[in-house]
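Have a look at the structure below, then the notes.
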Amino acid sequence: MKYNFNEIEAKWQKYWAENQTFKAVNNSEKPKYYVLDMFPYPSGAGLHVGHPLGYIASDIYARYKRHKGFNVLHPQGYDSFGLPAEQYAIQTGQHPAITTAENIKTYRRQLDQIGFSFDWSREVRTSDSSYYKWTQWIFIQLFESWYNNTTNKAEDISNLIAIFETEGNTNVNAVCDDDVETFSADEWHGFSSKEQQKILLQYRLTYLAETEVNWCPALGTVLANDEIVNGVSERGGHPVIRKKMTQWSMRISAYAERLLQGLDTIDWTDSLKESQRNWIGKSVGASVSFPILSFPIGEEKAGTKTPGYMTGGNNSHLLIERAKDMRANPTQAEAALWEQLRNKNLDAKFRQQHLIGDYIVDFVCLDKKLIIEVDGKIHESQIEEDAKRTEVLENDYFKVIRFTNEEVLSNLESVLKTIREELSQRESIKSEQVPPSGSREIEVFTTRPDTIFGVSFMTLAPEHELVSQITTPEQKETVDAYILATAKRSERDRMADVKTISGAFTGAYAEHPFTKEPIPIWIGDYVLAGYGTGAVMSVPCGDQRDYDFAKHFNIPIPNIFEGADISEEAFADKEKTIIANSDFINGMNYKKATKRVIFELEQLGQGQGKTNYRLRDAVFSRQRYWGEPFPVYYVNGMPQMIAKEHLPIKLPEVEKYLPTETGEPPLGNAKKWYWLQYGDKADIVSKEEFENSSPSGRLGGALELNTMPGWAGSSFYFNRYMDPTNDSEMASKEALDYWQDVDLYIGGSEHATGHLLYSRFWQKFLFDKGVVPVDEYAKKLINQGMILGTSAFVYEVSAYYTIENEKFHVKLKNPIFVSENIYLKSTESRKKDVFTPEAFKFSEVDYKILELIIKYGGNKFKEEPEFHLNPIHSDVSFVNASNELDINAFRNWREEYKDAIFIGEIGKVIPFGEDLGGDNVYKVGREVEKMSKSKYNVVNPDNICEQYGADSLRLYEMFLGPLEQYKPWNTAGITGVHSFLKKLWKLYHQGENGTFYVTSSPPSEGLGEDKELGEALKTLHKTIKKVEEDIENFSFNTSVSTFMIAVNELTSQKCTSREVLEPLLVLISPYAPHIAEELWSKLGHNESISTACFPKFDGSHLVESSKNYPISFNGKMRFTLELPLDMSKDDIEKTVLEHEKTKEQLQGRQPKKVIVVPGKIVNIVG
RNA sequence: GCUGAAGUGGUGGAAUUGGUAGACACGUUGGACUUAAAAUCCAAUGGACAUUAGUCCGUGCGGGUUCAAGUCCCGCCUUCAGUACCA
């Protein structure tokens, strides 16, 4: 009987579906086991052979666990919100829900035909409103929570309000915005509702904040970093600008430490944990403030709470003396005016000869930002400079009014009147600071506070906000040029180019907290604005980048390490550090010195110990249509949550999926998108309806126009699978308590820092809120590798003329393609040294090509053109296993190739209609690349299933190599596993004419058969042992080999015994379930094989009496010798030495030493 | 630059604690069956010399440890992936 895989597979797939064979129950006597795949995004292209790799592995494991007696949960669903469907909708007008449903149908069909044991009754789709109801619910929970650092968990926002009401926020230790102002309970009660809501937003775990984004006005959307190439959008090449936008953010930073610590408790791959650790980016050290020195004497140590009147720039220390001088010697006019302005005579505080930036102005009222200049004769020649000065000052929002000496002296009353008028018109800025008197210190974060005495300069990121304020006029040009140059370099450029050292001196100095020495302040692009404070204290002796920078700019490199040689490079080792030349920390090691320095900094009020995380809060708003709507409406600009009972807030219909004309997200196109609620009754209505409704008892307002990002729905789906149809809870407590967590999670490593970090964050949050019972949701995680495509290349002849260094391509009448061999020969000939005479001639092959160009290229070649060979992708389906191209298929592929000429391997034109014959075939070149539509190297599993069956596909994908490894797909190899299945089938059909034949052999039936059965049992148990070990180690490729060996052995043993063949089927069934089910039922079983017990390994069948010892000489194996296993060491040595082959090897030499490892090896030295 | 993974026949890959390198497949070659093809079966297949025996070389490169190294140690090279020049 033939192995009719198509029929068998269809039969059992139907059986499984009808009998719900793989339905998991939420309570069972059996232990639970949860196997999860990262659910797919259903793209329009359907599955290619790379997709099922992880699913097959997890399916094998799930089926194995069922055999082992577990209640297995193995669900599948779809991450069905996302950009591609939206793009398609924009292009075609087709609703994304429709395309998504179609794509899912294709996926489901493809998944079904591979025979996965998914429990489809638990399917979820993130775009279903019954699913995203819970996405919205979790969002509300986050909004209603804050992170209490004291209890180290998320708590209800009502707790926080209670604290505010009783004691204000001074004692609250929460993760919140940086700029939260302190208030008392009384003040809290005094705030308006809006003010209170604003304050609470600074604490909530999801909050509205201004975020800087890459905005593309043309596309009306925000772009990710990798969607921008060279400053323009990847799609369409439109300009991109940095823009501030109010968006929802997730306070994931609150969980930084726990996300880091949690990694130690889960069995994920090291590389994945490492990426997450890097992403979280914890560094422990100190924050240190360095006062900026270049300020007026007496004001330089002013610290952060700088009095508002210090408005001088960096050069104040130079200018202040002159200002004092001018104050002492006023002109007649100045003196007269000052007499009227001083002592708040005009109800405004005026200062005379005051520093504003780098200018000394005659009089200024800082509160009203009004400057009064009295111009003497000397200024007439300087009108231009004055204009510039006025411009600069007015740019800082000062108003400058000018009077001449005469005006002041002759008509003081009118001058004062003008001043009074100006004053009355200008607003008081009292509490605000007057630039540039903002920060007078540079705050840095360092992981090496112990090296603080080695600081010889400071480096700011070119983007640092202080740069413009502290740069001296002399350095301004250099610094500006440098900033401009940096801004032009892309982040990738800056990263790739580590060797170029660049920077500029600002001209300003900072003061060392301990030595009080001035430290030059530089800017350099090796310091990034986004990390820490965007400034570093540079310790060239201890940090290689600082070292290189110092060397390059001739900055001193003081050595503060005992016995360290820093003549060539920095000494970065922490452990061996002994500090020297460092005042009070001399002789200390890294740890002690760090502690002491932090202590001393705290004494000075110039620093403290600090832990820094790189992890930033995650932006949660997307200006898209095809995503979860927020359950949020706005009242007076403040967000309000919609109550749980009104969820889900369904995605509204829109006419078009593009941003509105006013630049609002696509939801702005919805006709009805206002929330209107009276008591329990609520509705989504149009703007007009809302505005015409009665305000009494009304709740509601404009609904949020953004939607949630792709990772929202995927951050908790593993919990939803436990109880997927529950309408009153995300999942019932019973279900969550029963299933707990995922035991095995398989997916691609591309999700390492996106999905896998965010979902851990949500899980921890839900754990804090008591929703889920565990705070890590996946115990073990495996990354499957990618299956790569083997692209095929044809080599097109491309002819051109070169005129004045410009290439002019010639379109050939018949396109010409050369075979791989010709291509290789031609490229080889061109590699030759250009200075040899041969290089000026074409090689033989090239001559031939040239001839053909002239023959087939058209008829008007006045002179010989040049040419090159251009590899282009051919569809892999036109190529057979021997890399031979189906020329006719290729010609029919595209109109322009219809008349193509092909030159075969031996360099002759292949005549039309005659291909794949003889030596002169056309061969393609091969290269391994990612599988992608554009490379025409995609292999579809449908064809494979049709041709070889799902069991063959499953086995072959596993057989290709280790699960985690990247490996190329080569369909040719599938014949190997397919013929294995045929052999397996045959093994059970050894009856006459290939009929099913299995014997139920009773224990003793003559010596001969017993012996044969013994051999078969040995094969079986060897296989059981190996396969069980392999599955447990996720080494699926080796178990496929083991099956092949077993079937080969049993075939040659002609084994027909049920005692062997029945357990063998259970072993194979996780890998090739269809054939296993079929043979199982032929063995007389009425139940599916899926719940059969995994066979038990019995070592007694493997006991051997002898061993074929390898006998080696000096470590090299020369021959083998069969010896009894119970032979003693000495006897073995004796027997081996007496053997004639040994004598032959030694040729009379006396062995120096004989190593005998019983049961393993014999090695003779000599 | 840093971090992680990996370099083994023509190809995918095996070798679990150091103990017979290349299992199992693909491909290739030869043969059987067949009118022929497909399918199936048998044999050979790391390289070189010898074609009987056998000898030498061989797991990215250079050293080392060991009776014995693909496996352990030191140094280097290459490829792939991730990344953030992270103070």
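Atom set for the values below is all heavy atoms of this structure, side chains included, hydrogens, waters and symmetry mates excluded. Just so we're on the same page: letters track the sequence lines, and every chain starts at 1. The shown structure was predicted, so the numbers you read here are calculated from the model rather than taken from an experiment.
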What contact category does A:N1048 fall into here, base, sugar-phosphate, or nothing, at under 4.0 angstrom with non-hydrogen atoms?
sugar-phosphate

With sequence neighbours excluded, tell me which residues meet side-chain hydrogen bond (donor to acceptor under 3.5 Å, both in side chains) with A:W522.
none

Pairing pattern in dot-bracket form [Watson-Crick, G-U; both distances under 3.5 Å; | = partner strand] for RNA chain B:
(((((((..(((......[....)))((((((.......))))))((((....))))..(((((..]....))))))))))))....

When you compare B:C24 with B:U79, how far apart are their P atoms, in angstrom units rounded to a whole number?
34 Å

Specify whether A:H978 and A:Y3 have parallel, tilted or perpendicular ring planes, treating 30° as the upper limit for parallel and 60° as the lower limit for perpendicular.
tilted

If you count heavy atoms of other groups shown closer than 6.0 angstrom to NZ of A:K1025, is the number above 12?
no

Would you name the heavy atoms of A:T451 and A:I560 that are closest together and state the gap between them?
CA-CD1, 3.5 Å

What is the minimum heavy-atom distance between A:S456 and A:P558, and which atoms define it?
CB-CD, 3.7 Å

Would you please name every residue forming a ring-ring contact (aromatic ring centres under 6.0 Å, His included) with A:W279, sequence neighbours left out?
none

N/O to N/O distances under 3.5 Å, protein versus nucleotides 2-8 of chain B:
none

Using the C1' atom as the reference point in each nucleotide, state the distance between B:U71 and B:A14 in Å, no decimals.
14 Å

Name the nucleic acid region contacted by A:N612, choosing base, sugar-phosphate or nothing; use a 4.0 angstrom heavy-atom cut-off, strictly under.
nothing

Write out a two-atom table: protein N or O, nucleotide N or O from nucleotides 36-41 of chain B, distance below 3.5 Å.
residue: B:A39; atom: O3'; partner: A:K982; partner atom: NZ; Å: 3.4
residue: B:U40; atom: OP1; partner: A:K982; partner atom: NZ; Å: 3.2

Checking all strands, does A:N970 fall into the base, sugar-phosphate, or nothing category for heavy-atom contacts under 4.0 angstrom?
nothing

Which part of the nucleic acid, if any, lies within contact of A:V1157, taking any heavy atom under 4.0 Å across all strands shown: a base, the sugar-phosphate backbone alone, or nothing?
base

Carboxylate-amine/guanidinium proximity below 4.0 Å for A:K1129 and A:E1133
no

N or O in side chain of A:K967 less than 4.0 angstrom from B:G12 OP1/OP2
no

Which pairs would a plain distance check flag for residues 954-961 of chain A, meaning a side-chain donor or acceptor within less than 3.5 Å of a matching protein atom at least two apart in sequence or in another chain?
residue: A:R954; atom: NE; partner: A:Y1071; partner atom: O; Å: 2.9
residue: A:R954; atom: NH1; partner: A:D59; partner atom: OD2; Å: 3.0
residue: A:R954; atom: NH1; partner: A:I114; partner atom: O; Å: 3.3
residue: A:R954; atom: NH1; partner: A:G115; partner atom: O; Å: 3.1
residue: A:R954; atom: NH2; partner: A:D59; partner atom: OD2; Å: 2.8
residue: A:R954; atom: NH2; partner: A:P1070; partner atom: O; Å: 2.8
residue: A:Y956; atom: OH; partner: A:N970; partner atom: O; Å: 2.7
residue: A:E957; atom: OE1; partner: A:L53; partner atom: N; Å: 3.4

Which part of the nucleic acid, if any, lies within contact of A:T459, taking any heavy atom under 4.0 Å across all strands shown: a base, the sugar-phosphate backbone alone, or nothing?
nothing

Who are the side-chain hydrogen bond (donor to acceptor under 3.5 Å, both in side chains) partners of A:K967, not counting sequence neighbours?
none

With sequence neighbours excluded, tell me which residues meet ring-ring contact (aromatic ring centres under 6.0 Å, His included) with A:F793.
A:H873

Whole angstrom value for the distance that separates C1' of B:C24 from OH of A:Y956
13 Å

Taking side-chain hydrogen bond (donor to acceptor under 3.5 Å, both in side chains) as the definition, give me every residue that meets it alongside A:R616, ordered by chain and number, with sequence neighbours left out.
none

Below 3.5 Å, can you tabulate the donor-acceptor pairs from side chains in residues 1153-1166 of chain A to any protein atom, sequence neighbours excluded?
residue: A:N1163; atom: OD1; partner: A:S1112; partner atom: OG; Å: 3.3
residue: A:N1163; atom: OD1; partner: A:N1114; partner atom: N; Å: 3.4
residue: A:N1163; atom: OD1; partner: A:G1115; partner atom: N; Å: 3.0

Where at least one partner belongs to residues 534-543 of chain A, residue pairs that pass salt bridge (charged side-chain N to carboxylate O under 4.0 Å, His left out), sequence neighbours excluded
A:D543-A:R545

When you check the gap from the basic side-chain N to the acidic O, do A:R277 and A:E274 get nearer than 4.0 Å?
yes

Could you go over nucleotides 50-57 of chain B and give all protein N or O partners under 3.5 Å, atom names and distances?
residue: B:U55; atom: OP1; partner: A:Q1145; partner atom: NE2; Å: 3.4
residue: B:C56; atom: OP2; partner: A:R1118; partner atom: NH2; Å: 3.3

